[in-house]
**Student:** 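One structure, pasted below without further comment.
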Number of protein chains: 4
Amino acid sequence: MPRIGQEPKRRAALVAATVEEIGAKGSLDVTVGQIAKRAGMSSALAHHYFGGKAQIFLAAMRHILTQYSLDVRSALASAAPGQRLEAIIDGSFDENCFTPAAISAWLNFYVLAQRDEEAARLLRIYQRRLNSNLVHALRGRCNDPAAGAAVIAAQIDGVYLRAALNNGDMTGAAAQVRGVARALMGARA
Amino acid sequence: MPRIGQEPKRRAALVAATVEEIGAKGSLDVTVGQIAKRAGMSSALAHHYFGGKAQIFLAAMRHILTQYSLDVRSALASAAPGQRLEAIIDGSFDENCFTPAAISAWLNFYVLAQRDEEAARLLRIYQRRLNSNLVHALRGRCNDPAAGAAVIAAQIDGVYLRAALNNGDMTGAAAQVRGVARALMGARA
Amino acid sequence: MPRIGQEPKRRAALVAATVEEIGAKGSLDVTVGQIAKRAGMSSALAHHYFGGKAQIFLAAMRHILTQYSLDVRSALASAAPGQRLEAIIDGSFDENCFTPAAISAWLNFYVLAQRDEEAARLLRIYQRRLNSNLVHALRGRCNDPAAGAAVIAAQIDGVYLRAALNNGDMTGAAAQVRGVARALMGARA
Amino acid sequence: MPRIGQEPKRRAALVAATVEEIGAKGSLDVTVGQIAKRAGMSSALAHHYFGGKAQIFLAAMRHILTQYSLDVRSALASAAPGQRLEAIIDGSFDENCFTPAAISAWLNFYVLAQRDEEAARLLRIYQRRLNSNLVHALRGRCNDPAAGAAVIAAQIDGVYLRAALNNGDMTGAAAQVRGVARALMGARA
DNA sequence: AATGAATGAGGATTCATTCAT
DNA sequence: GATGAATGAATCCTCATTCAT
């Protein structure tokens with residue numbers, strides 16, 4: 001078996017292990033050793049690939065946010081023109097990213113963003129993209145698309161936060177946000 | 001100067017210092033030494049009064065949640081019967097508790113709650129109380145008070161979360177939540 | 001009630017508490033605070049009376065060795081001339097000093113003596129006195145009183161040591177040492 | 001120099017350093033740092049290999065007791081059938097284990113056994129083995145081999161204890177115990 | 001590529017001791 | 001006489017990181 005091409009696999013394994021470990025611990029207080037062990041390699045190798053703990057965390061963040069983007073994009077791709085908003089909401093609660101571990105990690109990344117400028121930048125990108133998607137989807141369906149987008153975005157985050165406190169269990173999350181959306185659009189008439 | 005009866009003062013100073021330090025660092029990774037220094041005493045004394053780091057954190061959490069409760073309660077006390085909902089919302093963004101440090105600490109306490117059962121208990125109490133206040137305030141003003149309360153609560157938390165990412169700066173927060181409330185109630189007719 | 005004359009009582013209470021605490025913990029790793037608490041006073045007062053932890057320990061040692069001396073002396077006082085040896089042995093296992101706490105403390109004082117010259121001095125005094133008592137008691141009853149005394153003394157200490165390992169429980173201790181004594185004296189004929 | 005396979009060496013060095021340090025200090029109050037320094041490594045490495053201070057102590061105890069067992073066994077192996085008792089006694093005072101440091105450490109391990117169940121277990125094993133060896137060696141040579149074994153065992157421990165108080169210097173120790181044995185066996189006739 | 005070896009720095013916690021009242 | 005207040009020093013232990021192989 002060729003040992004070539006191990007690097008991408010190793011990196012992916014470390015990123016996945018990071019999310020799982022943060023999710024399991026419910027905290028950023030995870031050691032590189034724990035992450036590496038979960039990924040089946042030595043901590044020295046983790047350093048070798050990523051350079052340091054901070055970069056491992058950032059890679060994990062990028063992974064989660066990328067996954068989220070993909071979910072929303074795929075939902076939008078197959079959405080009827082008048083159903084874009086619903087598609088975004090459903091994509092936000094896709095089970096790909098709506099796992100307890102991911103939710104916990106996501107919350108912790110908000111914390112990380114308070115210290116780490118790069119982490120904050122990543123989160124802002126995500127927020128901006130979500131916002132722009134929402135504005136676009138609300139255009140013509142409510143009086144003030146910008147304000148509406150802010151409300152929906154905050155509602156999504158708020159729902160995630162509640163889920164984080166309840167071990168990731170939150171049935172009816174998408175339905176609740178859809179309801180808010182309906183109310184906003186109904187208020188137009 | 002009397003050297004007696006210092007305990008309450010010291011405890012209060014430590015609690016305040018804890019919130020400030022967590023806020024300043026944006027993380028629970030604050031050392032007892034840092035907290036104690038900010039509070040003007042040795043770390044040994046902090047341990048003497050609280051027993052350990054965990055208890056210091058919990059005391060700080062209790063303090064923030066208590067302060068929040070007081071703000072809401074005082075807003076409710078002076079509210080006209082039909083303005084209870086607006087009072088809760090305004091109380092939630094009272095400048096007493098809506099400081100950058102408190103917002104950051106609040107976010108970090110959500111994280112703490114993922115590991116620490118006592119912290120989770122405190123947050124659940126706060127959520128339950130807020131929820132019950134909201135249901136009460138929505139009764140007769142919207143079709144489904146329970147669902148409405150969930151929406152408002154999530155919206156408040158979502159707005160806080162956004163504020164946490166933006167260094168606590170979020171003007172128009174209360175107005176936005178009021179808007180959601182109006183939409184929910186308008187949807188009744 | 002006069003507060004006069006508290007000092008002797010306090011000192012005695014601290015000495016007793018020290019022995020008990022060392023016995024209970026099975027270690028010299030007892031804090032002044034624990035001792036003082038057991039004696040019903042503040043650690044500051046313990047320091048006030050004794051000057052420091054080392055002196056508290058030494059006072060406790062003196063107390064145990066003095067108690068032992070008294071037990072042996074009283075046994076000797078009421079012993080028939082030909083029963084002096086048996087009296088010493090019985091006195092060594094008098095229930096006054098043969099309590100689990102005292103045995104444990106005694107072992108720990110041997111340890112203390114390895115570091116603390118004053119503690120070593122106290123133990124040597126005890127050993128010399130015991131030795132001289134034994135030599136005197138063996139005179140005329142065995143060939144080599146000096147050698148016999150060394151044997152009996154070592155046997156007593158060995159028995160104590162075994163008791164220390166078995167939570168102070170050692171029935172038949174005195175009988176065993178008496179047996180050794182008989183053998184030694186029998187060997188004379 | 002190969003950097004591989006260091007663990008056994010490091011562990012052995014730490015065990016030896018532990019005995020030496022306890023012997024030098026005459027106390028279990030030795031820090032991991034002191035032990036590690038004496039063994040020529042960082043305290044972190046000591047923790048890495050043993051997991052904690054308690055395990056370092058236990059390993060040192062096991063080492064001493066194992067050494068003692070080996071000394072006795074080797075003495076027994078080359079003993080004439082009628083000289084088993086004398087062999088055990090001589091083995092107990094073999095200069096391999098009868099060093100001042102080892103004697104001091106041995107005493108301290110008795111103290112450790114009062115707190116630590118595993119330490120107590122190790123000592124009990126040693127006592128049981130010694131006892132069984134002695135009973136076997138006394139069979140047919142004295143009236144009550146069990147009682148005789150208890151006497152010899154206590155005598156050995158008592159002699160060790162005296163040595164501990166005298167900086168490990170005790171010439172004539174083996175001779176004294178041999179004398180007791182002779183007396184016991186002579187008492188049979 | 002991969003890892004065991006190794007460490008320096010740092011943090012929670014404990015405790016003897018001092019001091020002001 | 002008696003104590004709560006207060007702290008500096010010390011200790012165990014953890015961890016990110018580096019290095020030699």
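These figures come from a predicted structure and were not determined experimentally. Values below: all heavy atoms of this structure, side chains included; hydrogens, waters and symmetry mates excluded. Each chain gets a letter, A, B and so on, in the order the sequences are listed, and its residues count up from 1.
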**Student:** Which of these nucleotides, F/dT3, F/dT18, E/dT17, is closest to any side-chain atom of C/His47?
**Tutor:**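 Selected nucleotide (nearest to the side chain): E/dT17.
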
**Student:** Need one value for B/Tyr49: base, sugar-phosphate or nothing, where a base atom within 4.0 Å counts as base even if backbone is also close, heavy atoms only.
**Tutor:**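 Result for B/Tyr49 = sugar-phosphate.
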
**Student:** Once you round it to whole Å, what is the distance between C1' of F/dC12 and CZ of D/Phe57?
**Tutor:**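 Between C1' of F/dC12 and CZ of D/Phe57: 12 Å.
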
**Student:** Are A/Glu117 and A/Arg121 within salt-bridge range, i.e. N to O under 4.0 Å?
**Tutor:**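 A salt bridge is absent here (no side-chain N lies under 4.0 Å from a carboxylate O).
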
**Student:** From C-beta outward on C/Lys53, which listed nucleotide comes closest to its side chain: E/dA16, E/dG8, F/dT3?
**Tutor:**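 In terms of side-chain proximity for C/Lys53, the closest of E/dA16, E/dG8, F/dT3 is E/dA16.
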
**Student:** Does a donor on one side chain sit under 3.5 Å from an acceptor on the other, for D/Gln34 and D/Lys37?
**Tutor:**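 No donor-acceptor contact under 3.5 Å links the two side chains.
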
**Student:** Could you go step by step and tell me if A/Phe57 and A/Ile22 meet the side chain to side chain contact (heavy atoms under 4.5 Å, CB included) rule?
**Tutor:** CA-CA 10 Å; A/Phe57 276 178; A/Ile22 292 175; 4.0 Å; yes

**Student:** Tell me: CD of A/Gln55 to C1' of F/dA16, nearest whole Å?
**Tutor:**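 My rounded result for the distance is 12 Å.
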
**Student:** Just how far, in rounded Å, is P of E/dA16 from CZ of C/Phe50?
**Tutor:**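 From C/Phe50 CZ to E/dA16 P: 15 Å.
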
**Student:** Just how far, in rounded Å, is P of F/dA5 from CZ of B/Arg11?
**Tutor:**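 Result: 11 Å.
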
**Student:** For the residue pair D/Arg10 and D/Gly40, what are the closest heavy atoms and their distance?
**Tutor:**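 Between these two residues, the closest heavy atoms are NH1-O, 3.7 Å.
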
**Student:** Quick one: do B/Arg11 and B/Glu7 make a salt bridge, cutoff under 4.0 Å?
**Tutor:**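 Counted as a salt bridge, because a side-chain N and a carboxylate O are separated by less than 4.0 Å.
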
**Student:** Quick check for you: among E/dA6, F/dT3, E/dT3, whose closest atom lies nearest to any side-chain atom of C/Met41?
**Tutor:**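 Shortest atom-to-atom distance from the side chain points to F/dT3.
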
**Student:** In terms of the nearest nucleotide of DNA chain F, which residue is placed more toward the 5' end: B/His48 or D/Gly51?
**Tutor:**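 Final value for this comparison: B/His48.
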
**Student:** For a stem of at least 3 consecutive Watson-Crick or G-U pairs with distances under 3.5 Å, i pairing with j, i+1 with j-1 and so on, which stems involve DNA chain E?
**Tutor:**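 Stems for DNA chain E, defined as runs of 3 or more consecutive pairs: E:2-21 with F:2-21.
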
**Student:** Any side chain to side chain donor-acceptor pair (under 3.5 Å) involving residues 45-65 of chain C? Give me the pairs, sequence neighbours left out, ordered by first then second residue.
**Tutor:**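 Sorted result for residues 45-65 of chain C: C/Arg62-C/Glu118.
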
**Student:** Carefully, step by step, assess A/Leu122 and A/Leu58 under the rule side chain to side chain contact (heavy atoms under 4.5 Å, CB included).
**Tutor:** CA-CA 9 Å; A/Leu122 289 175; A/Leu58 289 174; 4.2 Å; yes

**Student:** Apply side chain to side chain contact (heavy atoms under 4.5 Å, CB included) to residues A/Asp116 and A/Phe109 and explain how you reach the verdict.
**Tutor:** CA-CA 10 Å; A/Asp116 188 302; A/Phe109 289 148; over 6 Å; no

**Student:** What residues in residues 12-38 of chain D put a non-hydrogen atom under 4.0 Å from any atom of DNA chain F?
**Tutor:**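 Residues of residues 12-38 of chain D under 4.0 Å from DNA chain F: D/Val30, D/Thr31, D/Val32.
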
**Student:** Quick check for you: among E/dA6, E/dT17, E/dG4, whose closest atom lies nearest to any side-chain atom of C/Ser43?
**Tutor:**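 Given the options E/dA6, E/dT17, E/dG4, the side chain of C/Ser43 is closest to E/dT17.
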
**Student:** Just by modelled atom types, is the A/Pro100 backbone N or O under 3.5 Å from a matching donor or acceptor in the A/Ser104 side chain?
**Tutor:**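 The answer is no, because no donor-acceptor pair under 3.5 Å joins these two groups.
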
**Student:** Can you tell me which nucleotide in F/dG8, F/dC13, F/dG4 comes closest to the side chain of C/Ala44?
**Tutor:**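 Nearest nucleotide to the side chain: F/dG4.
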
